[in-house]
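What follows is one structure encoded as structure tokens, with my remarks underneath.
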Amino acid sequence: MCGIVGAIAARPVAGILLEGLRRLEYRGYDSAGMAVLDQGQISRLRRIGKVQALADACEQQPLAGHLGIAHTRWATHGKPSEQNAHPHMSGERLAVVHNGIIENFEPLKRDLQQQGYTFTSETDTEVVAHLLDQELQHGLTLVEALRQTMTQLEGAFALGVIHADLPEQLLTARKGSPLVIGVGIGENFIASDQLALLPVTDRFMFLEDGDIAVLEADQIRVLDAQGQAVERAVTTFEHGQASAEKGEFRHFMLKEIYEQPRVMQAVLEGRVASGHLLEQAFGSEASAIFDQVKQVQIVACGTSYHAGMVAKYWIEELVGIPCMVEVASEFRYRPVVLPEGTLLLTLSQSGETADSLAALREVKDRVLATLAICNVPGSSLVRESDISLMTNAGPEIGVASTKAFTSQLVALMLTTIALGRRHGLGRDKEAELIAALEQLPVLLQQLLALDGPIEAMSAHFAEKHHALFLGRNVLYPVAMEGALKLKEISYIHAEAYPAGELKHGPLALVDKDMPVIAVAPRNGMLDKLKANLQEVRARGGELFVFAGCEESIQPEEGVHVIHLPAMPQVLDPIAFTLPLQLLSYHVAVLKGTDVDQPRNLAKSVTVE
Ligand code: M6R
């Protein structure tokens, strides 16, 4: 995934680059580096590990200069090491940072080696530096060299380039990987994400695929894929800068869990009024599209996929049309059958997930229409979909997705209502569902009050190596999300099962060392779930139950119960998620893992 940042300014840029990298660490944190042009020379510093290691190196060896590029890496080609850290250079006068993957780097590298280029890293990126140099040797300008190089690259990339002979220019280009230009006053910037640049500007320009931009301190020129000069709109960042700060919270993840009551308000704001959905929130073309939908195909990854699974239960129950859900990395590579009238619904916090984007691109011409539910306005997924609904959760920094998931669920319920209107969901039912959604801010606030008991419960997991999560019906995907949260931040191996599947295999794993976490709302499946829980107890398994019904599940030896407040049944998947987020958080804190930046992961997965 990696994060890139670059700056050209009248002031020294090293501090701006470092702060930008800190804000991009969610994209990867294996190594970090920067290259700054000062007095005709490029100085480069690279360090293995987090951005702080680079910051410490910069203290020892300050980099002056008004033009620079920097990078925080999530290793794809070659292990995390100083040699593989970006920026990569060709000779002493050209430096490149790259986010994405150059799929054909091996043949390109062989050709370049045959022509005498020496490679100092195992990365795919280094070919870009040498290709640029090769084109410069042919007498092209740097912009021409970049265009020529782009025609040779297969895969996805966002690039930042500086050359010692061009102290007034920062070049950038993108194809398939995210990149924004930050527009300042007498200074301009590039970054993988707007958050990186919020300390220096709130005005942003998004590049289209194939664009090249030449940034000077007081002007930005953009050339499209055909080399024509084009204007790209400048937009102002919508969320307050505060949301990118940790405030009084120990971790971003905890802050983001606690933001959920407010986020529930934000996702509903302007979308419902007087007990009705305001369908225009999906865009002016939405109503005509919804009229023709005969089935829904949802495609997403990770947490967003789990949200899609919840929506399948809702859409098939409340709308009565088929809804298929598939992880994007599978969907994109198989010959999928898309019956007439299919709405392709992509779900993504970032809107830049490579597999989800590829899935959209793969089938967009074969479906009725495409709808993106996303947290980042202006992201690739949103721009490339016919209609969209923003989740309005504000920036999510913790790698473990929390508020993005619950806000996606609300957006999915709004989508369910929009589709249901065409399939017999009456006005009374619509009003009932919306009244329930409007209770969410208060309900989630009440659930946060369970933080103390959940923290106490977390102590039982500190020494465990495995855990099972159980749920039934619409709570099965919630159990999956609970398991994902626990494994990604506490490194405890966790799996989720629909509780009815237990006796078909996983029950063999149950003993006193296998904690079993169950989500047990008050619904028609409760008695069946209780029977499954008895099966666990009978094998000596210790149960941790989040229950929606005081009367029916009580604590006893080996059975720990936390009761949730009463709530309308439709809110169960949203409400039962929050305690599972808190449980994972507290277990991770007890285990001393890096909660916001768990090992081997990155927030935005812009490579496949
Ligand atoms: O930005 P997206 O929602 O498309 O990201 C998809 C997954 O990478 C993401 O949900 C991931 O599974 C989370 N880290 C889980 O907490």
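Order of appearance sets the numbers: ligands from 1, and atoms from 1 within every ligand. Note that this is a predicted model, so its numbers are computed, not measured.
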* To do: Determine, using heavy atoms of Ser356 and all atoms of ligand 1, whether some pair is separated by less than 4.0 Å.
  => no

* ligand 1 contact by Lys485, heavy-atom criterion under 4.0 angstrom -> yes

* To do: Would you check if there is a donor-acceptor pair between the side chains of Glu352 and Ser380 at a distance under 3.5 Å?
  => yes

* To do: For Ser304, counting its heavy atoms only, list the atoms of ligand 1 lying under 4.0 Å from any of them.
  => 2 (P), 3 (O), 10 (O)

* **ligand 1 atoms in contact with Ala400 (distance to a heavy atom under 4.0 Å)** => 16 (O)

* Asked: For ligand 1, which atoms have a heavy atom of Ser348 less than 4.0 angstrom away?
  -> 1 (O), 2 (P), 3 (O), 4 (O)

* Asked: Under 30°, 30 to 60°, or over 60°: which ring-plane class applies to Phe237 and Phe204, parallel, tilted or perpendicular?
  -> perpendicular

* Number the atoms of ligand 1 from 1 as they appear, then name those within less than 4.0 Å of a heavy atom of Gln349, with their elements. => 1 (O), 2 (P), 3 (O), 4 (O)

* Asked: With His560, which of Phe461, Phe544, Phe546 fulfils ring pair (Phe, Tyr, Trp, His ring centres under 6.0 Å)?
  -> Phe544

* To do: Fit a plane to each ring of His86 and His71, take the angle between them on a 0 to 90° scale, and name the class: parallel (under 30°), tilted (30 to 60°) or perpendicular (over 60°).
  => parallel

* Quickly, which of Leu447, Leu582, Leu578, Leu580 forms a side-chain contact (heavy atoms from CB on, under 4.5 Å) with Ile454? Name it, please. => Leu582

* To do: Answer yes if the side chains of Glu396 and Ser401 hold a donor-acceptor pair under 3.5 Å, and no otherwise.
  => yes

* Relative to the heavy atoms of Val399, which atoms of ligand 1 are at a distance of less than 4.0 Å? -> 13 (C), 14 (N), 16 (O)

